[in-house]
Amino acid sequence: MISRRSFSKALIAAPYIARAQPSPARSRIAADTTRVIGDIDPKIYGNFVEHLGRCVDGGVFQEGSPLSDANGYRKDVLQAVKGLNVGLLRWPGGNFSSNYHWQDGIGPRDQRPPRLEMAWGTIESNRFGTHEFLQYAEMLGTEPYICANLGTGSWLEAQQWVEYCNFAGDTGITRQRKQNGRAQPWKVTYWGLGNEMDGPWQMGHRSADDYGKFALEAAKLMKWTDANIKLIAAGSSNYGSGVDWIGWNRTVLEYLKRYVDYISLHLYVGNTANNFADFMASSMELDERIKTTEGVINAALASEPRDRKIYIAWDEWNVWYRARGESQRGRNILEEHYNLEDALVISTFLNSFLNHAHIIKIANMAQLVNVIAPIFTNDQGLFLQTIYYPLQLFAANSKGKALDLRVETPKYTTRRFGDVPYLDTSAALDNDTLVLNVTNRHQTQDLIADIEIADKQFSGAATVSEVNGPDIKAENDFTAARVKTVQRPLTAQGKRLTYTFPAHSFTMLKVKLA
């Protein structure tokens, strides 16, 4: 009889050859509503808008288009974004933020100065600025997150942006805001202290010591302007060979641990080797970086009061590997087209965020429209990319408290991560509703699982939501949605439910408990 390990190696060696194969052993998923990981923060279902390619101009904002409202916002895009229940919207970058001077983007649109935009090789019109972004956040009903320029910007510039947005008193800065049509402050809570400052590609790149010292003074001024704001430090995003990314985070937190509320991390993954099995294990790298960073945070806070908390803000993450390279500068750039396997990896990242709900309190998929995005437009309309559907399901349903599941499932062997479970899972408990999220990483086999509840009972009607498609390379476009969510009813009684998870699928089971 062929061993499970031999079978896994054979699958990886020839992942696209269909042949008769033995089915993996039955899986077991056990839930107990008392085994709580932490509260699920809605801000983990965030997104990101950067002045890059067609994300803003031609995406969320397109003046003069018949699809836009009187203020230039694309109405069809707005409706699609509302479907994602975006918990936190980050802006204006990204790399763009490191040379963005916010006063260029206020006042009458026709009087705003165009500027050379060096991050992405364009000219920035500045017609979409602070007022436009914050109005968009209000239209969506989402929390705004502004990333300050700590690249070419100054401490004073960052402080005055907080003053412009949040201060209610009468100053020269707030008079500007009132003259520009906003009498009352927006009270923006979330502010980033720069973007990817550890990266040599970043304008204003600094060493960890230099960034820590600089960001500390900015943080002081910003908090002295509004003590209620929450600050996000720029953690490491440079994971190159020989790079001490852990040391960066350790040094930055030593400087900022009494002022910041989050440390930012970024991760993009891809399938350049065209190896489905390895690609499906990508979230294991995310898990490793979360655990390591949590340890660094705990060490930094060891000498601080016990109630002092710093969380992780994973404020850029996505699948991104096709639309990359030095040629990616200008207008139509970073326009990744996603397939089913990309959507499955997205579901495993979301599982990881839930499984670390005690420390992950912010996450922002990058980006919202057109640029490595779940929504793709042209001048006539839009379509929803494959990655839209798992994010939509999680944001709409996985609320409340994250549960620590007991999972027994067959594993396969990968070159990068060793043994990897075929079923990747997470669970949420919202009052008396249990949501079970399961990604089947097996390319060809359906997997049977016995699902048990220890301290409650399933109470009847349930809903199955499945994201799948005809094959792992299936994509959506303007003509067809080949990958989408399909829902169907299910009945669950007693303490045990048996369910078969289809090959290459993400499935959400939503069931009432008694």
Side-chain angles (χ1 to χ4, degrees), residues 15 44-50 52-55 59 84 86 90 94-95 196 237 239 265-290 314-325 328 333-354 360 363-376 383-395 414-417 420 424 426 437 439-441 443 467-469 471-477 481-485 504-506:
I44 68 170
Y45 306 125
N47 217 290
F48 175 31
V49 170
E50 181 171 3
L52 160 57
R54 295 191 307 121
C55 183
L84 288 174
V86 176
R90 182 174 182 246
N95 295 353
E196 295 184 358
S237 299
Y239 305 127
L265 300 177
H266 297 172
L267 181 64
Y268 298 97
V269 298
N271 190 16
T272 54
N274 197 28
N275 186 314
F276 178 79
D278 274 8
F279 187 36
M280 285 300 103
S282 296
S283 63
M284 297 187 75
E285 180 178 358
L286 179 73
D287 291 336
E288 291 171 359
R289 297 196 187 279
I290 292 171
W314 213 289
D315 57 15
E316 286 189 35
W317 67 277
N318 206 339
V319 172
W320 175 29
Y321 67 102
R322 303 173 186 91
R324 298 195 77 147
Q328 291 292 315
I333 62 171
L334 277 56
E335 297 193 353
E336 195 96 343
H337 292 270
Y338 292 105
N339 59 29
L340 174 59
E341 64 181 358
D342 300 326
L344 298 182
V345 169
I346 293 301
S347 71
T348 64
F349 269 55
L350 291 162
N351 279 337
S352 291
F353 294 149
L354 261 64
I360 299 283
N364 300 81
M365 176 185 276
Q367 294 183 12
L368 189 60
V369 190
N370 292 326
V371 174
I372 51 173
I375 301 166
F376 199 89
F383 71 89
L384 305 179
Q385 296 230 59
T386 63
I387 64 173
Y388 182 97
Y389 295 98
L391 182 60
Q392 180 188 45
L393 283 171
F394 271 87
T414 65
R415 290 190 293 265
R416 280 189 68 192
F417 301 107
V420 176
D424 185 69
S426 69
N437 305 299
T439 303
N440 182 356
R441 290 175 164 137
Q443 186 182 340
V467 178
N468 210 335
D471 60 75
I472 61 171
K473 301 297 184 182
E475 298 181 4
N476 296 344
D477 56 31
R482 299 171 186 88
V483 175
K484 58 185 177 181
T485 302
H504 56 65
S505 69
F506 167 68

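Hydrogens, waters and symmetry mates play no part in the numbers below; they use all other heavy atoms, side chains included.
Looking at residues two or more places apart in sequence or on another chain, you find a ring-ring contact (aromatic ring centres under 6.0 Å, His included) between Phe394 and Phe506. In this structure Arg289 satisfies the side-chain hydrogen bond (donor to acceptor under 3.5 Å, both in side chains) test together with Glu285, sequence neighbours excluded. For Asp287, the salt bridge (Lys or Arg N to Asp or Glu O under 4.0 Å) test picks out no residue, with sequence neighbours left out. With sequence neighbours left out, Glu288 forms a side-chain hydrogen bond (donor to acceptor under 3.5 Å, both in side chains) with no residue at all. Scanning for side chain to side chain contact (heavy atoms under 4.5 Å, CB included) contacts around Glu336 gives Trp320, Tyr321, Arg322, Ala323, Tyr338, Ile372, with sequence neighbours left out. Taking the side-chain hydrogen bond (donor to acceptor under 3.5 Å, both in side chains) definition, one finds that His266 meets it with Glu196, Ser237, Ser264, Asp315, sequence neighbours left out. Under the side chain to side chain contact (heavy atoms under 4.5 Å, CB included) criterion, Ala373 pairs with no residue, sequence neighbours left out. Annotation: side chain to side chain contact (heavy atoms under 4.5 Å, CB included) contacts of Ser282 (sequence neighbours excluded): Val269, Phe279, Val345, Phe349. Applying the side-chain hydrogen bond (donor to acceptor under 3.5 Å, both in side chains) criterion to Gln367, with sequence neighbours excluded, gives Glu50.
Side-chain contact annotation: Ser505 with Asn440, donor-acceptor N/O pair under 3.5 Å absent. Side chains of Arg441 and Ser283: a donor-acceptor N/O pair is present below 3.5 angstrom, by distance only.
For Asn47 (side chain) and Leu368 (main-chain N/O), a donor-acceptor pair under 3.5 Å exists by modelled atom type. In this structure a side-chain-to-backbone donor-acceptor pair under 3.5 Å is present from Asn318 to Ala366. Asn476 contributes a side-chain N or O that, together with a main-chain N or O of Val483, makes up a donor-acceptor pair within less than 3.5 Å.
Taking each heavy atom of Phe417 and Thr414 in turn, the nearest pair found is N-OG1, 3.0 Å. Ile360 and Phe353 get closest at one heavy-atom pair: CG2-CD2, 3.9 Å. Between Asn271 and Glu341, the closest heavy-atom pair is ND2-OE2, 3.2 Å. Between Leu52 and Leu334 the shortest heavy-atom distance is CD2-CD2, 3.7 Å.
A salt bridge does not link Glu475 to Arg482: none of the charged nitrogens lies less than 4.0 Å from a carboxylate oxygen.
A 4.5 Å side-chain heavy-atom check between Thr348 and Leu286 finds every atom pair outside the cut-off. Residues Met365 and Tyr388 are not in side-chain contact: their nearest non-hydrogen atoms beyond the backbone lie 4.5 Å or more apart.
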* **Ile375 and Asn370: CA distance, side-chain angles, deciding distance, side chain to side chain contact (heavy atoms under 4.5 Å, CB included) verdict** => CA-CA 6 Å; Ile375 301 166; Asn370 292 326; over 6 Å; no

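Of the candidates Ile346, Val369, Leu84, Leu84 is the only one forming a side-chain contact (heavy atoms from CB on, under 4.5 Å) with Pro374.
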